[in-house]
Number of protein chains: 2
Amino acid sequence: MTKPTQAASREKLTDRIYQQIKQDIFDFRLLPGDRFSENEVAARLAVSRTPVREALTQLQREGYVTVLFRSGWQVNPLDFEQFDQLYDVRLVLELAAVKKLCEMESVPELTALKSFWLAKPDERAQDEQRVCQADEEFHQIMVAATGNREMARIHQDITERLRILRRIDFTQPRRLDITYEEHAQILRALLGKRVDRASTLLKAHIEASKAEVRKITIHRLHTARTRSRV
Amino acid sequence: MTKPTQAASREKLTDRIYQQIKQDIFDFRLLPGDRFSENEVAARLAVSRTPVREALTQLQREGYVTVLFRSGWQVNPLDFEQFDQLYDVRLVLELAAVKKLCEMESVPELTALKSFWLAKPDERAQDEQRVCQADEEFHQIMVAATGNREMARIHQDITERLRILRRIDFTQPRRLDITYEEHAQILRALLGKRVDRASTLLKAHIEASKAEVRKITIHRLHTARTRSRV
DNA sequence: TCCTCCAAACTTGTATACAAGACAGTATAC
DNA sequence: GTATACTGTCTTGTATACAAGTTTGGAGGA
């Protein structure tokens with residue numbers, strides 16, 4: 001019988017670089033279509049090519065970048081058809097979550113959302129970035145609360161993939177109130193176990209995002225491109 | 001303006017090794033819980049550690065193996081709770097696919113399935129492995145036929161993750177006829193655009209797999225363990 | 001027999017070396 | 001001016017080297 005081993009998992013350089021590059025993409029420091037080499041990234045971060053390669057390989061698998069055989073890497077261009085499809089999958093998962101949540105007896109995770117989303121209008125957070133993050137968390141928590149960790153993981157991956165769009169979506173102050181209102185309605189429906197109403201609201205909520213995202217993105221992307229390069 | 005470049009993507013050693021190791025896991029040459037080192041794999045396949053590492057990193061992200069810090073790799077033990085959750089996600093995706101397919105006008109992909117699954121009993125394939133593969137393809141095609149490539153990709157990943165179970169499931173000859181019958185019923189319902197019936201059948205079909213898998217697996221795994229090591 | 005300590009052998013994580021091929025820019029032919 | 005061939009630089013894919021830490025097995029003592 002072998003000893004019960006437990007080699008601690010350490011912080012790896014690869015993971016840090018992975019996060020860094022992904023963040024660079026989200027923040028438009030790396031723009032869709034941009035090309036770059038492993039050496040460039042390695043030099044900028046003062047590490048060797050090895051962990052950079054591992055990070056890039058992961059990002060490729062997740063659909064963020066593509067390697068061109070012996071010819072560098074490229075940030076994947078924005079593919080709106082793909083984003084539409086991802087929104088659809090996300091909706092499917094969340095509708096399933098809604099159904100399950102309404103069948104469950106008590107869901108403390110949902111109750112915990114009340115203080116933020118059911119706050120009075122004058123007590124609402126006005127910081128765009130904060131609301132954007134809370135928005136992601138709302139959906140994330142909804143799925144995770146069902147107890148299906150695999151579904152939550154897949155949902156998380158999709159959310160991250162869509163983040164680059166959702167960020168832009170929320171830079172319009174007008175959207176902020178609407179976001180609050182829609183989430184509040186959904187949350188009330190969930191707490192009241194009204195599955196049909198919650199589903200309808202959720203569907204409309206996501207469809208609205210889908211519709212709005214495309215036109216705004218194109219404009220924002222243009223302004224970002226003229227501002228910064230990496 | 002830069003030239004429209006296209007560096008062809010070549011067959012990479014990493015990919016071959018990735019497939020090889022995954023197959024080793026599916027075929028129980030690498031057993032759940034087994035530990036091994038990068039050097040072992042590299043020596044066995046007569047390559048260096050580099051591509052082996054890349055392959056293993058991918059497999060880790062997909063949930064097949066885990067690295068133990070400076071202490072080797074381990075094939076993830078079978079986690080039945082996880083498999084249950086994956087089955088649930090797969091069901092959610094396929095139910096969404098069923099709904100969409102029944103709303104679509106014509107679906108040639110489904111018609112193409114008739115020759116195999118609606119064959120007369122005496123014309124049916126009896127080869128377990130072939131039926132097993134056709135079973136995977138049935139579900140895969142169903143989802144892909146909706147046109148949502150992202151959903152199809154996610155569904156594919158889940159199917160692969162569950163393959164190790166489904167293989168075992170089909171080693172029981174009794175299951176073969178049932179499989180034929182259930183798929184035939186689902187296909188007929190789909191072709192007849194009877195969404196509720198198709199959904200009900202599909203749900204029962206997947207629930208049955210879930211229920212059956214656990215007890216069979218444990219027995220088979222035991223016999224496999226006593227037969228071979230890698 | 002059982003425990004402790006220690007050193008040698010492994011193991012991964014990261015850096016570096018090298019090879020085959022892609023690309024860009026230039027010189028040359030016309 | 002235009003097209004073409006070529007050469008030097010750059011890029012990834014793979015192999016190897018080294019560093020830091022873990023595991024294992026045995027010597028020694030009680």
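Order of the sequence lines sets the chain letters (A, B, ...), proteins ahead of strands, with each chain counted from 1.
If you check every strand for non-hydrogen atoms under 4.0 Å, Thr50(A) touches a base.
For Ser71(B), a side-chain nitrogen or oxygen approaches OP1 or OP2 of dT23(D) to under 4.0 Å. Ser37(B) has a side-chain polar atom (N or O) that falls below the 4.0 Å cut-off from OP1 or OP2 of dT11(C). In this structure, Trp73(B) does not reach the dT11(C) phosphate: none of its side-chain N or O atoms is under 4.0 Å from OP1 or OP2.
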At a cut-off of 3.5 Å, list every protein nitrogen or oxygen paired with a nitrogen or oxygen from nucleotides 17-19 of chain C, distance to 0.1 Å.
none

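Side-chain atoms of Val67(B) lie closest to dT12(C) of the nucleotides dT14(D), dT12(D), dT12(C). Taking only side-chain atoms of Pro51(B), from C-beta outward, the nucleotide of dT11(D), dG13(D), dT14(D) with the closest atom is dT14(D).
For His155(B), the ring pair (Phe, Tyr, Trp, His ring centres under 6.0 Å) criterion is met by no residue, not counting sequence neighbours. Taking the salt bridge (charged side-chain N to carboxylate O under 4.0 Å, His left out) definition, one finds that Arg130(B) meets it with nothing, sequence neighbours left out. Listed by chain and residue number, Tyr180(A) satisfy the ring pair (Phe, Tyr, Trp, His ring centres under 6.0 Å) test with Phe116(A) (two or more places apart in sequence, or in another chain). In terms of the salt bridge (charged side-chain N to carboxylate O under 4.0 Å, His left out) criterion, Glu109(B) has no residue partners (sequence neighbours excluded).
Under the 30°/60° scheme for interplanar angles, the aromatic rings of His139(A) and His205(A) are found to lie parallel.
Taking atom CD of residue Glu11(B) and atom P of nucleotide dT14(D), one finds them 10 Å apart after rounding to whole Å. One interatomic measurement links the two molecules: CG of Leu13(A) to C1' of dA20(D), which rounds to 14 Å at whole-angstrom precision. Protein atom CZ of Arg35(A) is 12 Å distant from nucleotide atom C1' of dC10(D), rounded to whole Å.
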Under 3.5 Å, sequence neighbours excluded: what are the donor-acceptor pairs made by side chains of residues 48-55 of chain A?
from, atom 1, to, atom 2, distance (Å)
Ser48(A), OG, Thr50(A), N, 3.3
Arg49(A), NE, Glu38(A), OE1, 2.9
Arg49(A), NH2, Glu38(A), OE1, 2.9
Arg53(A), NE, Glu54(B), OE2, 3.1
Arg53(A), NH1, Glu38(A), OE2, 2.9
Arg53(A), NH2, Glu54(B), OE2, 3.2
Glu54(A), OE1, Thr14(A), OG1, 3.4
Glu54(A), OE2, Arg53(B), NE, 3.1
Glu54(A), OE2, Arg53(B), NH2, 3.2

